[in-house]
Amino acid sequence: MRGGAAQEATSEAAGAAGEATAEESAPVSGSAGGEAYDITLIQGVAGDEFYITMECGAQEAADAAGATLNVQGGDEFSPTAQIPILEAVIAEGPDAILIAPTDTQALQAPIQAAVDAGITVVLVDTTLDDPSVAVSAVASDNVEGGRQAAEALAELIGEEGQVLVVNVNPGISTTDQREQGFAEGIAEYPNIEYLGQEFSNNEPARAAEIVTATLAANPDLAGIFGTNLFSAEGAATGAQQAGADVSIVSFDAGPAQVEQLEAGTVQALIAQQPAEIGRQGVEQAVAALNGEATEAEITTGFTTITADNLEAEQDALYQSECG
Ligand code: T6T
């Protein structure tokens, strides 16, 4: 499964903010005038440029609020990897946790445990079956993103032929919703046959295998939608290795995906706004901690990137490190 080694990155608040320790009795003042809150961001997986870019936005907002941001992520996108990390963070007792739950059901009780421990929770990117445990959920409109992918792919293939979705795993809110939006959108084209979805387990190699096997059975396959960074990247590699003339729309805009767009292996990227998700997630956490009003749901936008607007849309691309 894809992702780097478990990571922990702590960075101190900028400016006049001090460091809160157990010994201090008076609250430490943040640069924004409030307390210097400790916030932990738990990514869906470490080493994924979507979450790295989210971290960059979260760090900016933490710095602006005089808060401390700690970032952690598992070595694979799964509840098995994420739940022990969450439990360890709960034991540390930060003021707030921003988390991208790796499963809509499996993370419900562990996140409830964080809330029961008095920790403010904000959901970022993915969500839960019952998101009301969190003070806010900040994410893309993933159903709409899937619809946009369907429209882009339909146009690329001249509105006819067979299409495939390479998804991640069932139970992930974001990618399930993208497939749902794609299926709804593609149903509007009577001459397009949707072959259905297959699951890559977030592994590019598995995604590539899915595509080569599908091409062997359906040599006229016209288009593929990869629902996230690793599924899309692997799907494009599989199509390229098979030498197939297939149009590909990829969700996300990591560096490898941009290379594939430049090489012409992929025709369109649907870039989310991960920095904005991180920024707003921290702002919601700080508002809740300050006793201010929060928004239960915040939706961020997309940019569709093709070879034609790639140069103009550089700011929409994901970062592999914070600049
Ligand atoms: O597509 C993003 C994220 O939105 C999704 O929930 C999981 O995969 C990514 O992190 C990309 O790899």
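The structure displayed is predicted, hence computed values, not measured ones. Both counts, for ligands and for their atoms, begin at 1 and track the order of listing.
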Is it true that [X] lies under 4.0 Å from ligand 1, counting heavy atoms only?
| X | result |
| --- | --- |
| Arg178 | yes |
| Thr126 | yes |
| Phe251 | no |

Heavy-atom nearest neighbour in the protein, as seen from [atom], with distance rounded to 0.1 Å:
| atom | result |
| --- | --- |
| atom 12 (O) of ligand 1 | Asp48 OD2, 2.6 Å |
| atom 3 (C) of ligand 1 | Asp125 OD2, 3.3 Å |
| atom 8 (O) of ligand 1 | Asn228 ND2, 2.9 Å |
| atom 1 (O) of ligand 1 | Asp252 OD2, 2.6 Å |

Between Phe225 and Phe182, how do the two ring planes meet: parallel, tilted or perpendicular, split at 30° and 60°?
->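 Phe225 vs Phe182 ring planes: parallel.
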Is a side-chain N or O of Thr104 found less than 3.5 angstrom from the main chain of Ile172, in a donor-acceptor match?
->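 A pair under 3.5 Å: no.
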Do [X] and [Y] come close enough that some side-chain heavy atom pair is under 4.5 Å?
| X | Y | answer |
| --- | --- | --- |
| Leu310 | Glu262 | yes |
| Glu159 | Asn191 | no |
| Gln43 | Glu55 | yes |

From Thr53, Asp48, Asp252, residue fulfilling side-chain hydrogen bond (donor to acceptor under 3.5 Å, both in side chains) relative to Tyr318 |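 The side-chain hydrogen bond (donor to acceptor under 3.5 Å, both in side chains) with Tyr318 is passed solely by Asp252 among Thr53, Asp48, Asp252.
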Counting from 1, what ligand 1 atoms have a heavy atom of Leu229 closer than 4.0 Å?
->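 Per the distance check, 11 (C), 12 (O).
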For Gln272, counting its heavy atoms only, list the atoms of ligand 1 lying under 4.0 Å from any of them.
->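 The list of qualifying atoms is 1 (O), 2 (C), 3 (C), 4 (O).
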With respect to [X], determine whether any N or O atom, backbone or side chain, lies less than 3.5 Å from an N or O atom of ligand 1.
| X | result |
| --- | --- |
| Asn202 | no |
| Thr227 | no |
| Thr174 | yes |

Heavy atoms of other groups near Gln314 CD, more than 12 under 6.0 Å =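 It does: Gln314 CD has more than 12 such atoms within range.
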I would like to know whether Glu209 and Arg206 meet salt bridge (Lys or Arg N to Asp or Glu O under 4.0 Å); could you show each step before the answer?
-> CA-CA 5 Å; Glu209 282 164 18; Arg206 176 77 196 110; 3.3 Å; yes
Using heavy atoms and a threshold below 4.0 Å, how should the contact between Glu233 and ligand 1 be classified: side chain, backbone, both, or neither?
->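 For Glu233, there is no contact with ligand 1 at all, from either part.
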Could you tell me the separation between the CD atom of Gln197 and the CZ atom of Arg178, rounded to the nearest 0.5 Å?
->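 The CD atom of Gln197 sits 13.0 Å away from the CZ atom of Arg178.
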